[in-house]
Amino acid sequence: MRSTGFRRTLIALSACSLALTACGGSNDGSADGKTRITVNCMPPKSAKVDRQFFEEDIASFEKQNPDIDVVAHDAFPCQDPKTFDAKLAGGQMENVFYTYFTDARHVVDINQAADLTPYVKELKSYPTLQKQLRDIYTVDGKVYGIPRTGYSMGLIYNRKLFEKAGLDPDKPPMTWEEVRADAKKIAALGNGTVGYADYSAQNQGGWHFTAELYAQGGDVVSADGKKATIDTPEARAVLRNLHDMRWVDDSMGSKQLLVINDAQQMMGSGKLGMYLAAPDNIPILVKEKGGNYKDLAIAPMPGGKGTLIGGDGYMFQKKDTPAQIRAGLKWLDHMFLTPGKGFLGDYVRAKKNDTPVGLPEPRLFTGAADAKDQQVKKANANVPVDNYQTFLDGNQKLRMKIEPPHAQQIYSVLDGAVSAVLTKKDADIDQLVEDASGKIDSILARG
């Protein structure tokens with residue numbers, strides 16, 4: 001599952017999702033003597049500031065590289081799962097195309113990705129990127145993509161409600177027992193206040209179930225990806241905790257079958273104490289849902305054992321020429337992978353345009369590159385960075401785990417288990433886990 005997405009100010013669907021033939025890549029590799037590359041995930045015109053930044057960065061790249069012509073296609077979402085495979089199969093994908101982390105293995109398996117291994121040494125930033133993110137795009141020892149952003153799940157909470165409930169906002173809950181206790185106190189404030197909310201529809205319930213299971217130290221599938229591993233005490237503990245907060249404590253409210261927008265609306269309006277999300281939710285809560293930065297904080301995933309990570313990157317069309325691959329790698333370095341610069345890293349420019357600077361993620365780099373990126377970010381921060389320090393500190397101790405294979409199909413199955421415990425007081429947790437395990441085994445057996 002993707003997070004809400006970094007720079008989530010984009011609000012328009014791309015024409016690419018409406019007419020595939022209008023959005024394909026060119027594989028001739030040249031235009032007027034230049035190497036021509038098509039790229040996607042340019043913000044639409046409706047996202048004025050982001051669009052301006054993107055166009056400025058392409059212009060500066062082309063000025064520095066007069067032998068390269070970049071043709072960008074706008075898109076929101078940057079990838080439409082309904083058309084993604086069709087564009088690949090039809091040869092309509094851009095030369096350099098956006099992917100979620102969970103796409104990497106699939107694109108390689110269907111033989112639609114260019115092998116970047118012979119060229120990746122030309123990507124200056126590559127050694128500075130976090131290895132766990134690089135590894136996502138490495139299949140059987142070969143490099144097929146480059147990570148652009150990464151996120152990890154945490155617990156967003158409302159400091160103001162914590163104070164009203166007599167809780168210390170500087171000491172958020174670190175275990176699920178503490179989450180339950182704090183949620184009960186917040187819900188006791190009344191007036192429609194909900195202590196803790198969780199998703200349970202549109203595959204989002206399964207996504208959060210997975211995150212919560214990782215937090216308990218469990219897994220959804222075996223290491224070899226062949227068997228379900230949810231018929232366990234850890235998985236039962238996830239469902240039991242949700243059931244008890246809903247029916248015993250009455251701390252989750254009566255409205256269920258929620259999706260991400262529901263939780264964001266509740267948090268932004270000051271009626272929700274806690275929900276699971278990535279840090280990129282915070283500017284949405286402020287800019288779109290009425291929240292205030294000073295009231296919003298994020299802590300690491302409760303449980304102290306693990307967290308779900310996700311993110312995105314770029315892969316290259318299989319038919320790209322060597323010149324196009326080299327040009328695309330140069331473009332990625334310029335746009336996204338230079339600390340303190342580019343579309344996501346130019347914090348000076350972002351601050352001048354009232355774009356949030358100082359959120360704890362994405363944290364893409366390591367070593368000296370990370371130090372430089374963090375230094376520039378801190379110098380230009382315009383959000384209360386102290387509200388995120390607990391998250392940063394806690395994440396250092398957690399196992400970082402990517403989503404399972406066949407994630408969306410598995411999430412659909414797990415949605416049923418989560419929605420059942422939140423809508424049926426007498427839900428049979430043992431039976432729900434057993435049934436879900438069997439269905440996941442069937443998904444994995446089909447490959």
Side-chain angles (χ1 to χ4, degrees), residues 1-3 5-6 25 37-41 75 77-79 81 84-85 87-88 93-152 221 223-225 278 307-322 324-339 342-345 361-367 369-370 399-408:
M1 203 83 180
R2 62 181 169 84
S3 173
F6 214 62
I37 57 170
T38 53
V39 303
N40 63 2
C41 202
C78 289
Q79 182 212 111
F84 184 73
D85 279 356
K87 286 184 69 175
L88 281 170
M93 192 63 80
E94 287 81 3
N95 299 120
V96 186
F97 60 94
Y98 174 96
T99 57
Y100 302 133
F101 284 173
T102 47
D103 295 320
R105 170 70 70 164
H106 170 66
V107 177
V108 174
D109 286 346
I110 62 175
N111 197 31
Q112 293 295 329
D115 180 3
L116 306 181
T117 312
Y119 310 96
V120 76
K121 62 180 178 295
E122 299 175 23
L123 185 66
K124 298 176 184 177
S125 61
Y126 193 72
T128 73
L129 305 179
Q130 289 191 38
K131 185 178 184 300
Q132 65 185 11
L133 302 184
R134 299 197 316 252
D135 286 349
I136 289 165
Y137 287 101
T138 302
V139 180
D140 297 331
K142 295 182 179 180
V143 178
Y144 289 97
I146 309 298
R148 182 190 77 149
T149 70
Y151 75 85
S152 59
V221 301
D224 60 10
T307 186
L308 182 149
I309 65 171
D312 57 45
Y314 278 91
M315 300 179 78
F316 289 62
Q317 191 184 129
K318 184 174 179 61
K319 295 180 181 179
D320 286 356
T321 66
Q324 286 176 311
I325 291 174
R326 289 189 169 98
L329 290 172
K330 283 185 178 180
W331 179 74
L332 289 176
D333 250 337
H334 180 87
M335 291 291 292
F336 308 115
L337 305 178
T338 302
F343 180 64
L344 298 179
E361 289 180 334
R363 195 156 188 171
L364 191 62
F365 306 104
T366 59
D370 177 64
R399 181 179 62 152
M400 303 285 169
K401 284 188 57 64
I402 194 172
E403 298 172 86
H406 308 288
Q408 295 306 318

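These numbers come from the heavy atoms of this one structure, side chains and all, not from hydrogens, waters or symmetry mates. In this chain, residues are counted from 1 in sequence order.
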State the [atom1]-[atom2] distance between [X] and [Y], to the nearest 0.5 angstrom.
{"X": "I402", "Y": "L133", "atom1": "CD1", "atom2": "CG", "result": "9.0 Å"}
{"X": "M93", "Y": "D85", "atom1": "CE", "atom2": "CG", "result": "8.0 Å"}
{"X": "D312", "Y": "D103", "atom1": "CG", "atom2": "CG", "result": "10.0 Å"}
{"X": "I37", "Y": "R326", "atom1": "CD1", "atom2": "CZ", "result": "13.5 Å"}
{"X": "L364", "Y": "T128", "atom1": "CG", "atom2": "OG1", "result": "7.0 Å"}
{"X": "F365", "Y": "T338", "atom1": "CZ", "atom2": "OG1", "result": "7.0 Å"}

Just wondering, do [Y] and [X] contact through their side chains at under 4.5 Å, heavy atoms?
{"X": "T307", "Y": "M400", "result": "yes"}
{"X": "I136", "Y": "P147", "result": "no"}
{"X": "D370", "Y": "R363", "result": "yes"}
{"X": "D140", "Y": "V108", "result": "no"}
{"X": "P322", "Y": "Y119", "result": "yes"}

What pair of heavy atoms forms the shortest contact from [X] to [Y], and how long is it?
{"X": "G328", "Y": "V96", "value": "CA-CG2, 4.0 Å"}
{"X": "N40", "Y": "C78", "value": "ND2-O, 4.1 Å"}
{"X": "L116", "Y": "G145", "value": "CD1-N, 3.7 Å"}
{"X": "G150", "Y": "E361", "value": "O-CB, 4.1 Å"}
{"X": "T366", "Y": "P127", "value": "OG1-O, 4.4 Å"}
{"X": "P339", "Y": "L337", "value": "CD-O, 3.7 Å"}

Check your understanding: Should T99 and Q79 be marked as a side chain to side chain donor-acceptor pair (under 3.5 Å) after you check the CA-CA gap, both sets of side-chain angles, and the distance that decides it?
Key -> CA-CA 7 Å; T99 57; Q79 182 212 111; 6.0 Å; no

**Study point:** Mutual orientation of the aromatic rings belonging to F101 and Y137 [parallel < 30°, tilted 30-60°, perpendicular > 60°]
**Key:**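 Ring orientation of F101 relative to Y137: perpendicular.
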
Review point. Would D115 and Y144 count as having a side-chain donor-acceptor pair, cut-off 3.5 Å?
Key: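 No donor-acceptor contact under 3.5 Å links the two side chains.
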
Practice item. Under the side chain to side chain contact (heavy atoms under 4.5 Å, CB included) rule, what do R148 and Y98 come out as? Steps first, then yes or no, please. Key: CA-CA 9 Å; R148 182 190 77 149; Y98 174 96; 3.9 Å; yes

Given 3.5 Å as the limit, does a donor-acceptor pair link the side chain of [X] with the main chain of [Y], or not?
{"X": "Q317", "Y": "F97", "value": "no"}
{"X": "N95", "Y": "D320", "value": "no"}
{"X": "D333", "Y": "L123", "value": "no"}

Point to revise | Candidate pair F336 and Y314, rule ring-ring contact (aromatic ring centres under 6.0 Å, His included), full reasoning | key: CA-CA 11 Å; F336 308 115; Y314 278 91; 5.7 Å; yes

Point to revise | Worked verdict on K142 versus T138 for side chain to side chain contact (heavy atoms under 4.5 Å, CB included) | key: CA-CA 5 Å; K142 295 182 179 180; T138 302; 6.0 Å; no

Exercise for review: Show the numbers, then the answer: is there a side chain to side chain contact (heavy atoms under 4.5 Å, CB included) between F316 and L329?
Suggested key: CA-CA 9 Å; F316 289 62; L329 290 172; 3.9 Å; yes

Exercise for review: Output yes when E94 and K87 qualify as a salt bridge under the 4.0 Å nitrogen-oxygen rule, no when they do not.
Suggested key: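 Yes, this pair counts.
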
**Study point:** Test side chain to side chain contact (heavy atoms under 4.5 Å, CB included) applied to L88 and I110, step by step
**Key:** CA-CA 9 Å; L88 281 170; I110 62 175; 4.0 Å; yes

Point to revise | Row check, Y126 ring normal vs R134 NZ/CZ: under 6.0 Å, within 45° | key: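 Pair R134/Y126 counts as cation-pi.
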
